[in-house]
2 protein chains.
Amino acid sequence: MRKAEKKSSITLVDVAREAGVSAITVSRVIRTPHVVSERSRRKVEAAVEKLGYVPDAAASALASNRTDVIGLLIPSLTNSVFSDVLRGMYDEAENHPFSIQIGNFRYRPLTEEMLIGKFLRQKPAGLIVAGLDQTDISKGMLRAADCPVIQIMDYDASAEGDMIGFSHYEAGAAAARHLRDRGYRRIGFLGARMDPRTQRRLAGFNDALNGTDDPQQSKRVIVTSTASSVSLGAELLRELLVRAPDSDAIFCNNDDLAIGALLEAQRRGIRIPEDFGICGFNDLEMSKQMNPGLTSIATPRYEIGRLAISTIVDALSSDKASDPTRIDLGFTVVMRGSSARAVD
Amino acid sequence: MRKAEKKSSITLVDVAREAGVSAITVSRVIRTPHVVSERSRRKVEAAVEKLGYVPDAAASALASNRTDVIGLLIPSLTNSVFSDVLRGMYDEAENHPFSIQIGNFRYRPLTEEMLIGKFLRQKPAGLIVAGLDQTDISKGMLRAADCPVIQIMDYDASAEGDMIGFSHYEAGAAAARHLRDRGYRRIGFLGARMDPRTQRRLAGFNDALNGTDDPQQSKRVIVTSTASSVSLGAELLRELLVRAPDSDAIFCNNDDLAIGALLEAQRRGIRIPEDFGICGFNDLEMSKQMNPGLTSIATPRYEIGRLAISTIVDALSSDKASDPTRIDLGFTVVMRGSSARAVD
DNA sequence: TTGTAGGCGTTATCAG
DNA sequence: CTGATAACGCCTACAA
């Protein structure tokens, strides 16, 4: 017989009666206290306290056509990158009355499209999407959405909409230049997953090396669509050393691959950085502990998450259409032992 | 003038009119198709299709006092452990019409208490909480909740409620026995965070070593309340070697610490496994790639996540109170090079 | 600054 | 198996 209890819950009307005002006044005290007189506000607050009133989110959503859910669309939960982004978001969201709901589209544009539709139908307070590479249908939905929409993790001045991220193309180019600056001349690329951001890093990498004196350059690019992992880094290094044995350095898609490659190089007795240089991407916490420390490109993942939430909160609280948010947070090349070869 | 458009959305009533039935019949076709006649169902389905009807979640929640949100309470987003759990949950949830909403209580019991209250007020479809160690108030709320509640990540036959996990006490004991079996006799423990599950692993570890011939045992337990990281593993190993320099093995709280300790041992020229054995916990993907491979205790994280969702789904679909769900998924000691010392 | 009236889209209830 | 009638608790609009 454990059916739902007779709902004896306290409603706005109960509070209003207790406070001697109307229901709408109670509602206003809760949502927009500044438009209510000091006196009413006090009475209402006392009544809320006394009765233990708790607003009903569903009723509010139905009446206002708006929820307090911020939707987040990410391509992967495996990727350690997104755990930092999430951390930033949750840290920031803690100060605000919003809930975060995650949709995982598994690097599949059509799944993303479906999830955008699903989220939008729930009248979210805001939407955060990873990347700038949605399908045209997705882009149309995002453009038409009547809530703030922020794209994160990437930055491209020529793309439309609000965005917080950094340029993956420039990051790839910076990695290539760093390795060249350290004297490496036959530089490879190890890449997994090959999502659009990875591809832009590769493009930047290629362009930066273009016109240098390495005729074998294109043979040194080893990529796969498989998901990234430490083991895969070891595997891709082995493949590189078969296809282009004279390679003297690599830029890896991310630190997982780079760590795998570094450990594999050690097993093969390859001296790092003397004989072979390695640069990773993302700068995970563990990278600096490797022997030698892994050179990597530090990306502002936590900050992106934090800013994404605060931007949405700001957009929601200011009535006027706020300025577009287009923030390039940049990245940093962090040199450590794995590329610290002596240069004359 | 970008106010909300005149809401021209299609409602149940529109569909009902189109199909020539009543609104409630449409509602039933959507929620409980089997109680509607074949004929009505067809007509309704056609109308839904034609009009592009999409149910309104808020209205449904208000009327039924129930949402499709499964709440998840975890102590950390940093911890790589939970990303596997999440992956299992999202993979399983993909087959069902539920959304997952994550609350991060940051290892703070009072934050957890607050979040449980917040979630419960939203009338969730179900609730998943990590661990068995809630405050009394939290436990009371969970007991009184009128939705399925599952505790995950831990298993204790003497605790109440539904749970899916494994015994951390046994895992700690198994690690200690493994190291002794490999001939190590002065075995330390490195621990961070020291949440309740970690403490139970330590208890199991201590009990398993109790009565052995090591008088210094207690000096070899190095713990801190700091969050776990690879760097911290290195640091704790240094501390152990100061406080008990004759130690010949360690069991680490988790693989992050173990990897940090292994890398630090390498820097110090300590031979592993000959002079020093290491056993981690969780068996991360990277652990098998270390040089030497890291012995670890594999835990069924993905499976726990998957089962947690499917258990809730099952409980929701069967009307009758289903049997209690109390599943001990166990763990596995995976021996690799870091403890593979020759034993006579 | 406050209140009145009405409706948001769905589901529970109970009768047919 | 189907339907009429009432909520569900709050918010928008407008008026005072």
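Predicted, not measured: the structure shown is a model, and the values here were computed from it. First the proteins, then the strands, lettered A, B, ... as listed; each starts at 1.
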- Distance-only side-chain donor-acceptor flag, E113(A) / T135(A), under 3.5 Å: yes
- Query: Does the pair E303(A)/R306(A) count as a salt bridge with the N-to-O cut at 4.0 Å?
  - Reply: yes
- Residues R66(B) and D146(B) bridged, charged N to O under 4.0 Å: yes
- Separation of dT10(C) atom C1' from N65(B) atom CG, nearest Å, is 13 Å
- Length of the CG-C1' vector between D56(B) and dG7(C), whole Å: 13 Å
- Message: Of the options dA12(C), dT10(C), dG7(C), whose atoms approach the side-chain atoms of A63(A) most closely?
- Response: dG7(C)
- Item | DNA chain C contacts among residues 116-124 of chain B, heavy-atom distance under 4.0 Å | none
- Report yes if a side-chain nitrogen or oxygen of R66(A) is closer than 4.0 Å to either non-bridging phosphate oxygen (OP1 or OP2) of dC8(C); otherwise report no. no
- Note on the structure: side-chain contact (heavy atoms from CB on, under 4.5 Å) with T325(B): of L307(B), D162(B), I312(B), only one passes, and it is D162(B)
- Taken to the nearest whole Å, CZ/R42(A) to C1'/dT1(C) is 16 Å
- Can you tell me how far CD1 of I150(B) sits from CD1 of I304(B), rounded to the nearest 0.5 angstrom? 12.0 Å
- Query: Would you find a donor on one side and an acceptor on the other, under 3.5 Å apart, between the side chain of D14(B) and the backbone of T11(B)?
  - Reply: yes
- Query: Separation of I30(B) atom CD1 from dT10(C) atom P, in whole Å?
  - Reply: 7 Å
- Query: According to a strict under-4.0 Å criterion, is S27(B) in side-chain N/O contact with OP1 or OP2 of dT11(C)?
  - Reply: yes
- Item | CZ (R42(B)) with more than 12 external heavy atoms under 6.0 Å | no
- The correct set of residues in residues 43-50 of chain B placing a heavy atom under 4.0 Å from DNA chain C is none
What protein N or O atoms touch nucleotides 1-3 of chain D N or O atoms at under 3.5 angstrom, if any, and at what distances?
{"unit_1": "dT2(D)", "atom_1": "OP1", "unit_2": "S37(B)", "atom_2": "OG", "d": "2.5"}
{"unit_1": "dT2(D)", "atom_1": "OP1", "unit_2": "S40(B)", "atom_2": "OG", "d": "2.4"}
{"unit_1": "dT2(D)", "atom_1": "OP2", "unit_2": "S37(B)", "atom_2": "N", "d": "2.9"}
{"unit_1": "dG3(D)", "atom_1": "OP2", "unit_2": "S22(B)", "atom_2": "N", "d": "3.3"}
{"unit_1": "dG3(D)", "atom_1": "OP2", "unit_2": "S22(B)", "atom_2": "OG", "d": "3.3"}
{"unit_1": "dG3(D)", "atom_1": "OP2", "unit_2": "T25(B)", "atom_2": "OG1", "d": "2.6"}
{"unit_1": "dG3(D)", "atom_1": "N7", "unit_2": "R28(B)", "atom_2": "NH2", "d": "2.6"}
{"unit_1": "dG3(D)", "atom_1": "O6", "unit_2": "R28(B)", "atom_2": "NH1", "d": "3.4"}
{"unit_1": "dG3(D)", "atom_1": "O6", "unit_2": "R28(B)", "atom_2": "NH2", "d": "3.4"}

- R17(B) has an atom CZ; how far is it from atom P of dG9(C), in whole Å? 12 Å
- Task: Kindly determine whether E38(A) and R41(A) satisfy salt bridge (Lys or Arg N to Asp or Glu O under 4.0 Å), including the steps that lead there.
- Result: CA-CA 5 Å; E38(A) 179 75 20; R41(A) 179 154 23 108; 3.3 Å; yes
- Message: Please determine whether the number of non-hydrogen atoms from other residues, nucleotides or ligands lying under 6.0 Å from atom CD1 of I137(B) exceeds 12.
- Response: no
- Query: Looking only at atom types and distance, does a side-chain atom of R326(B) sit under 3.5 Å from a main-chain N or O of A159(B), one as donor and one as acceptor?
  - Reply: yes
- Let me know the distance between CG of L12(B) and C1' of dG7(C), rounded to the nearest Å. 16 Å
- Within the distance-only criterion (no hydrogens, no angle test), does the side chain of R121(A) pair as donor or acceptor with the backbone N or O of D56(B) below 3.5 angstrom? no
- Rounded to the nearest angstrom, tell me the gap between atom CZ in R31(B) and atom P in dG9(C). 17 Å
- Query: Roughly how many Å is it from CG in D14(A) to P in dG9(D), rounded to a whole number?
  - Reply: 9 Å
